[in-house]
Asker: 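I have a structure here, written as structure tokens, and I will follow up with some questions on it.
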Number of protein chains: 2
Amino acid sequence: MSLFLSSYENRLDTKGRISVPASFRSSVASENFSGVVLYRSFTNNCIEGLSMSRMEKLASATDQMGVFDTELDDLSAMLFADARPLQFDVTGRIVIPEDLLLHAGIKDTAVFVGRGNSFQIWNPTAFKEIQNKSLGNLRKLRPNLKIKSDDN
Amino acid sequence: MSLFLSSYENRLDTKGRISVPASFRSSVASENFSGVVLYRSFTNNCIEGLSMSRMEKLASATDQMGVFDTELDDLSAMLFADARPLQFDVTGRIVIPEDLLLHAGIKDTAVFVGRGNSFQIWNPTAFKEIQNKSLGNLRKLRPNLKIKSDDN
DNA sequence: TATAAAACCATAAAATACCATAATTTAATT
DNA sequence: AATTAAATTATGGTATTTTATGGTTTTATA
């Protein structure tokens, strides 16, 4: 799976259909499931999205943590219960379920936001706000993303 | 991936296409993705550029940090949301998106500036200015770049 | 049978591939 | 070292494809 990068603003039609950006589609093109998995973000008013293969990796990651980890139980309960697998139609569109749209405050336009191994779907104005906040934080804190030297 | 070195001034055509310097192209020639990734610098009025493989390393670095790391959230949010994967055409050109050009104040000419594992794209005059400032700082501060002995 | 969901068809705009040429750099030859 | 030849690189314009988006028809379902 290649990365989800960049941001794309697309429109929902009267039937709730919206084009998944072509670049995001090609990110999952090699997978068995021709579509994406969406769920309501735990932390933001937005929709989280990932590939089915990544969902499967999360499943096996939770396996590693043992059966009696209650915290993780809550997490996986939420995650897997809330997750919606949505298949692309012929032209690469999906219809996002009502409750997800509600959670993100999306009406007729949405922004697909790349996050590397995952992506998010936002109400355009809500996204601009949080993006400005993030930029502000960045300029103040200058966090450092370190890459081990042997990684190149 | 070999290093991005030296500086090259190239012109944009009417459609916004610009040749990536041949030397930079050969720096990423061995990679799967035949192109580069660009994003607006957080700190300067210029465009940052790197290889896709470097982007992927950043992605896995953020993965290591766990799902609920908020500081890194800001960084990766900005970075991945803003990053544009741009594929070379047959002759080695890319088209730099409007908003990136605007951010860097680039009109019809741009300088590709090598930065080792990454590079930058500048408005030519803006670059000359900042370059002079950098040289001044260097002469005053004489910082020391240390190399571990086993690194060669 | 009514209603929702999926499949199908159409199109304008944008992105990309294609072709051609000028300029520059590198290599070869005298 | 100077000159010529070859190859590479940068640049310009056109044609084709892809993409996003809208609408209609068919199929499944309650």
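None of the values given here were measured: they were computed from a predicted structure.
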Asker: Rounded to whole angstroms, how far apart are CZ on A:F88 and C1' on C:dA7?
Answerer: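 Taking CZ of A:F88 and C1' of C:dA7, I get 17 Å after rounding.
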Asker: Tell me the side chain to side chain donor-acceptor pair (under 3.5 Å) pairs involving residues 122-132 of chain A, sequence neighbours left out?
Answerer: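 Side chain to side chain donor-acceptor pair (under 3.5 Å) check on residues 122-132 of chain A returns A:Q120-A:W122, A:N123-A:T125.
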Asker: Assigning hydrophobic clusters by single linkage (Ile, Leu, Val, Met, Phe, Trp, Tyr; side-chain heavy-atom cutoff under 4.5 Å), is A:F127 placed with A:Y8?
Answerer: no
Asker: Calculate the interatomic distance between B:D89 atom CG and D:dA10 atom C1'; express it in whole Å.
Answerer: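 Value for this atom pair: 11 Å.
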Asker: Look for any protein N or O under 3.5 Å of an N or O in nucleotides 16-24 of chain D and output each such pair with its distance, or none.
Answerer:
from   : atom 1 : to    : atom 2 : distance (Å)
D:dA20 : OP1    : A:A22 : N      : 3.2
D:dA20 : OP2    : A:A22 : N      : 3.4
D:dA20 : OP2    : A:R25 : NH1    : 2.6
D:dT21 : OP2    : A:R11 : N      : 3.3
D:dG22 : N7     : A:R93 : NH1    : 3.0
D:dG22 : O6     : A:R93 : NH2    : 3.0
D:dG23 : N7     : A:R17 : NH2    : 3.0
D:dG23 : O6     : A:R17 : NH1    : 2.6
D:dG23 : O6     : A:R17 : NH2    : 3.3
D:dT24 : O4     : A:K15 : NZ     : 3.2

Asker: Taking atom CG of B:D108 as the centre, does the number of heavy atoms from other residues, nucleotides or ligands within less than 6.0 Å exceed 12?
Answerer: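 For B:D108, atom CG is crowded (more than 12 foreign heavy atoms under 6.0 Å).
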Asker: Could you pull out the closest heavy-atom pair between A:S7 and A:V113, with the gap in Å?
Answerer: OG-CG1, 4.0 Å
Asker: A:L86 has an atom CG; how far is it from atom P of C:dA5, in whole Å?
Answerer: 12 Å
Asker: Describe, as an angle rounded to 10 degrees, how the axis at the first end of the helix from C:dT1-D:dA30 to C:dT30-D:dA1 is tilted relative to the axis at the last end, five pairs per end.
Answerer: 40°
Asker: In whole Å, I'd like the distance from the CD atom of B:E98 to the C1' atom of C:dA14.
Answerer: 14 Å
Asker: Does any N or O in the side chain of A:R115 come within less than 3.5 Å of the main-chain N or O of B:F80, such that one atom is a donor and the other an acceptor?
Answerer: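 No: the side chain of A:R115 does not pair with the backbone of B:F80.
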Asker: Once you measure the plane-to-plane angle for A:F119 and A:F24, does it fall in the parallel (<30°), tilted (30-60°) or perpendicular (>60°) bin?
Answerer: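 Because their plane-to-plane angle lies in the 30° to 60° range, the rings of A:F119 and A:F24 count as tilted.
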Asker: If you compare all heavy atoms of B:I18 against all heavy atoms of B:F112, which two are closest, and at what distance to 0.1 Å?
Answerer: CD1-CE1, 3.7 Å
Asker: Would you say the side-chain atoms of B:E31 pair up with the backbone N or O of B:S53, donor to acceptor, closer than 3.5 Å?
Answerer: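 Indeed, once roles are kept as given, a pair shorter than 3.5 Å links the two residues.
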